[in-house]
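Structure first, commentary second.
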Amino acid sequence: MKILVTGGAGFIGGNYVLTMVKKHPEDEYVVLDALTYAGNLETLKDVAGEPNFRFVKGDIRDRELIDGLFAEEQFDVVINFAAETHVDRSVEDPGIFVTTNIIGMQNLMDACRKYNTGRFHQVSTDEVYGDLPLDRPDLLFREDTPIHTSSPYSASKAGADLLALAYHRTFGLPVTISRCSNNYGPYHFPEKLIPLMISRALADESLPVYGNGANVRDWLYVTDHCNAIDMIIRRGRVGEVYNIGGHNEKTNLEVVKTILKALDKPESLIHFVKDRPGHDLRYAMDPTKIETELGWKPEYTFDTGIQKTIEWYLNNREWWENIISGDYQNYYERMYRDRQ
Ligand code: NAD
Ligand code: TYD
């Protein structure tokens, strides 16, 4: 199979490519990535010389470029990881979330229609379901939970999901969608909770916890997500949505304290700051469908995954220290200045 992976220089797409190029030498992987602030070619250096890997720099919002690439390559499968992904940035500047996450994705689906691509897989998120109350641990997101979004980020992802299902129903486009809970692991950009806290704790800097730190996220180690997507593109049913999650609910404060303990740093580094506007309270996934239908099972618990992640950040300082400079430093100042 020839597989187009958009956003393959980002966190999850990068882990997907690093794993699958080696796992499936019989398949060809073409990565298309605009290399925004979140994309990093360094992430892909381990597969750069593989015969079944090719990188193309380009923007999914560029219809002409997309058309040319599809004409040239004749893909069997497209997996769309490319997106603007940070909720806080979407609060600051929603526009690019709409153009990349919805219009860029529509360009890809139009190309799939024109070139008869066998599968378009949209990588979506649990955030399209909105949030759950903190005092109802019995409630979980299922695939038929109504879409109900809180942030411009989640609204743009929900828009893309609805468009994908509409293209399936109206044009018969062979679409699948996966909605995963919060990922963590290697190559995670240090603006997101876990890598931000690891990198700041290592520098003995204060750890900005929003509100009272009681918000809950359902954490999944990134390669477990990648394996689930690999199963869906091979054996998933067209027109279906699959939830992915490993029942690893933690409050943000629990996550931060776990990191501090593992790094032998004091809890006095924790600094409660002004809450995120519209902050979702709790996410929790019911992954029964993918478990029973495709036999997917996560390999990592939160305990094993977080240890592996912390070790990776300790052993790969160069990767993230290069990022924490220049523009990103300015971003940190801008985002956190008013939260003190
Ligand atoms: P990321 O921000 O780390 O990477 C996004 C990648 O997309 C980057 O390499 C960036 O350069 C590229 N990109 C952005 N705009 C582009 C454009 N216009 N054209 C081409 N490339 C572009 O994101 P991530 O955390 O790896 O997330 C990947 C996907 O998974 C996203 O669709 C996200 O919504 C979804 N998701 C993420 C999580 C999570 O916890 N991180 C959970 C569930 C779903
Ligand atoms: P994040 O990693 O941005 O993922 P998402 O908002 O998509 O779930 O944030 C995870 C949780 O951590 C979320 O509840 C917000 C919180 N958070 C903080 O408390 N402090 C921070 O500096 C960041 C970035 C996030």
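Values in this document were obtained by computation on a predicted structure and should not be read as measured data. Both counts, for ligands and for their atoms, begin at 1 and track the order of listing.
- Nearest to atom 4 (O) of ligand 1 among the protein's heavy atoms is Gly10 CA, 3.4 Å.
- Distances between N or O atoms of His188 and those of ligand 1 include no value under 3.5 Å.
- Looking only at distances, no side-chain donor or acceptor of Glu267 sits under 3.5 Å from a matching main-chain atom of Leu260.
- Residue contact annotation: Thr6 has no non-hydrogen atom under 4.0 Å from ligand 1.
- Below 30°, between 30° and 60°, or above 60°: for Tyr29 and Tyr16 the angle between ring planes is above 60°, a perpendicular geometry.
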- Task: Decide yes or no on salt bridge (Lys or Arg N to Asp or Glu O under 4.0 Å) for Lys265 and Asp204, but give the supporting numbers first.
- Result: CA-CA 8 Å; Lys265 298 285 181 181; Asp204 295 307; 2.9 Å; yes
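- Every salt bridge (charged side-chain N to carboxylate O under 4.0 Å, His left out) that Asp144 has, sequence neighbours left out, goes to Arg142.
- Asp126 and Ser181 form no side-chain donor-acceptor contact under 3.5 Å, judged by distance and modelled atom types alone.
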- I would like to know whether Lys250 and Asp218 meet salt bridge (Lys or Arg N to Asp or Glu O under 4.0 Å); could you show each step before the answer? CA-CA 6 Å; Lys250 303 278 170 210; Asp218 182 0; over 6 Å; no
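- Among residues at least two apart or in separate chains, ring pair (Phe, Tyr, Trp, His ring centres under 6.0 Å) pairs with a member in residues 58-77 are Phe70-Phe75.
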Pairs of nitrogen or oxygen atoms, one from ligand 2 and one from the protein, closer than 3.5 Å: please tabulate them with distances.
from: ligand 2; atom 1: 2 (O); to: Leu193; atom 2: N; distance (Å): 2.9
from: ligand 2; atom 1: 3 (O); to: Arg276; atom 2: NH2; distance (Å): 3.1
from: ligand 2; atom 1: 4 (O); to: Asn182; atom 2: ND2; distance (Å): 3.4
from: ligand 2; atom 1: 6 (O); to: Arg276; atom 2: NH1; distance (Å): 2.5
from: ligand 2; atom 1: 6 (O); to: Arg276; atom 2: NH2; distance (Å): 3.4
from: ligand 2; atom 1: 7 (O); to: Glu127; atom 2: OE2; distance (Å): 2.6
from: ligand 2; atom 1: 8 (O); to: Asn182; atom 2: ND2; distance (Å): 2.9
from: ligand 2; atom 1: 8 (O); to: Arg217; atom 2: NE; distance (Å): 2.7
from: ligand 2; atom 1: 12 (O); to: Asn252; atom 2: ND2; distance (Å): 3.4
from: ligand 2; atom 1: 14 (O); to: Arg217; atom 2: NH2; distance (Å): 3.2
from: ligand 2; atom 1: 14 (O); to: Asn252; atom 2: ND2; distance (Å): 2.8
from: ligand 2; atom 1: 14 (O); to: His279; atom 2: NE2; distance (Å): 2.7
from: ligand 2; atom 1: 19 (O); to: Tyr210; atom 2: N; distance (Å): 2.8
from: ligand 2; atom 1: 20 (N); to: Pro208; atom 2: O; distance (Å): 2.8
from: ligand 2; atom 1: 22 (O); to: Pro208; atom 2: O; distance (Å): 3.3
from: ligand 2; atom 1: 22 (O); to: Tyr336; atom 2: OH; distance (Å): 2.7

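- What sits closest to atom 19 (N) of ligand 1 on the protein, heavy atoms only, is Ile60 N, 3.0 Å.
- Nearest protein heavy-atom neighbour of atom 3 (O) of ligand 1: Phe11 N, 3.0 Å.
- Between Ala82, Gly245, Cys180, Ser124, it is Ser124 that holds the heavy atom closest to atom 44 (C) of ligand 1.
- Tyr210 has its ring centre no less than 6.0 Å from the ring centre of Phe272.
- Glu293 and Tyr242 share a side-chain donor-acceptor pair at under 3.5 Å.
- Between Tyr187 and Trp320, the distance separating the two ring centers is not shorter than 6.0 angstrom.
- Using a 30° and 60° split on the angle between ring planes, Trp319 and Tyr313 fall in the perpendicular class, above 60°.
- Near Gly58, the atoms of ligand 1 lying under 4.0 angstrom from a non-hydrogen atom of the residue are 19 (N), 20 (C).
- At least one heavy atom of Tyr153 sits under 4.0 Å from some atom of ligand 1.
- Remark: side-chain polar atoms of Asn183 are not paired, donor with acceptor, to backbone N or O of Tyr221 under 3.5 angstrom.
- Ligand 1 has no N or O atom lying under 3.5 Å from any N or O atom of Asn182, backbone or side chain.
- Using a 4.0 Å cutoff on heavy atoms, Gly104 does not count as a contact of ligand 1.
- Counting only heavy atoms of the protein, atom 40 (O) of ligand 1 lies nearest to Asn183 N, 2.8 Å.
- Where the criterion is an N or O separation shorter than 3.5 Å, residue side chain and backbone included, Thr125 fails it with respect to ligand 1.
- Protein heavy atom at the shortest distance from atom 32 (O) of ligand 1 is Lys157 NZ, 2.7 Å.
- Of the protein's non-hydrogen atoms, the one nearest atom 41 (N) of ligand 1 is Ile12 CD1, 3.7 Å.
- Proximity to Leu35 (heavy-atom distance under 4.0 Å) selects the following atoms of ligand 1: 11 (O).
- Under 4.0 angstrom from ligand 1, the non-hydrogen atoms of Thr100 all belong to its side chain.
- Thr223 places no side-chain N or O within 3.5 Å of a backbone atom of Cys226 that could act as its donor or acceptor partner.
- Ligand 1 has no N or O atom lying under 3.5 Å from any N or O atom of His225, backbone or side chain.
- In terms of polar-atom proximity, Asp59 is counted as a contact of ligand 1, with an N or O under 3.5 Å from an N or O of the ligand.
- Under a 4.0 Å criterion applied to the non-hydrogen atoms of Arg61, ligand 1 contributes the atoms 18 (N).
- Distances between N or O atoms of Thr85 and those of ligand 1 include at least one value under 3.5 Å.
- In this structure, Arg217 is positioned above the aromatic face of Tyr283, its NZ or CZ under 6.0 Å from the six-membered ring centre and within 45° of the axis.
- Looking at ligand 1, you'll find an N or O of Asp33 within less than 3.5 Å of one of its N or O atoms.
- Between Glu311 and Arg317 there is no salt bridge, since none of the side-chain N atoms of the basic residue sits less than 4.0 Å from a carboxylate O of the acidic one.
- A donor and an acceptor atom, one from each side chain of Tyr129 and Arg179, are located under 3.5 Å apart.
- The shortest contact between atom 42 (C) of ligand 1 and any protein heavy atom is with Ser181 O, 3.4 Å.
- When the salt bridge (charged side-chain N to carboxylate O under 4.0 Å, His left out) test is applied to Asp59, the partners found at least two apart in sequence or on another chain are Arg61.
- With hydrogens and angles disregarded, a donor-acceptor distance shorter than 3.5 Å links the side chain of Asn15 to the backbone of Pro186.
- Atom 14 (C) of ligand 1 has its nearest heavy-atom neighbour, among Ser154, Ala34, Ala38, Ala83, in Ala83.
- Looking at atom 28 (C) of ligand 1, its nearest protein heavy atom turns out to be Phe81 O, 3.4 Å.
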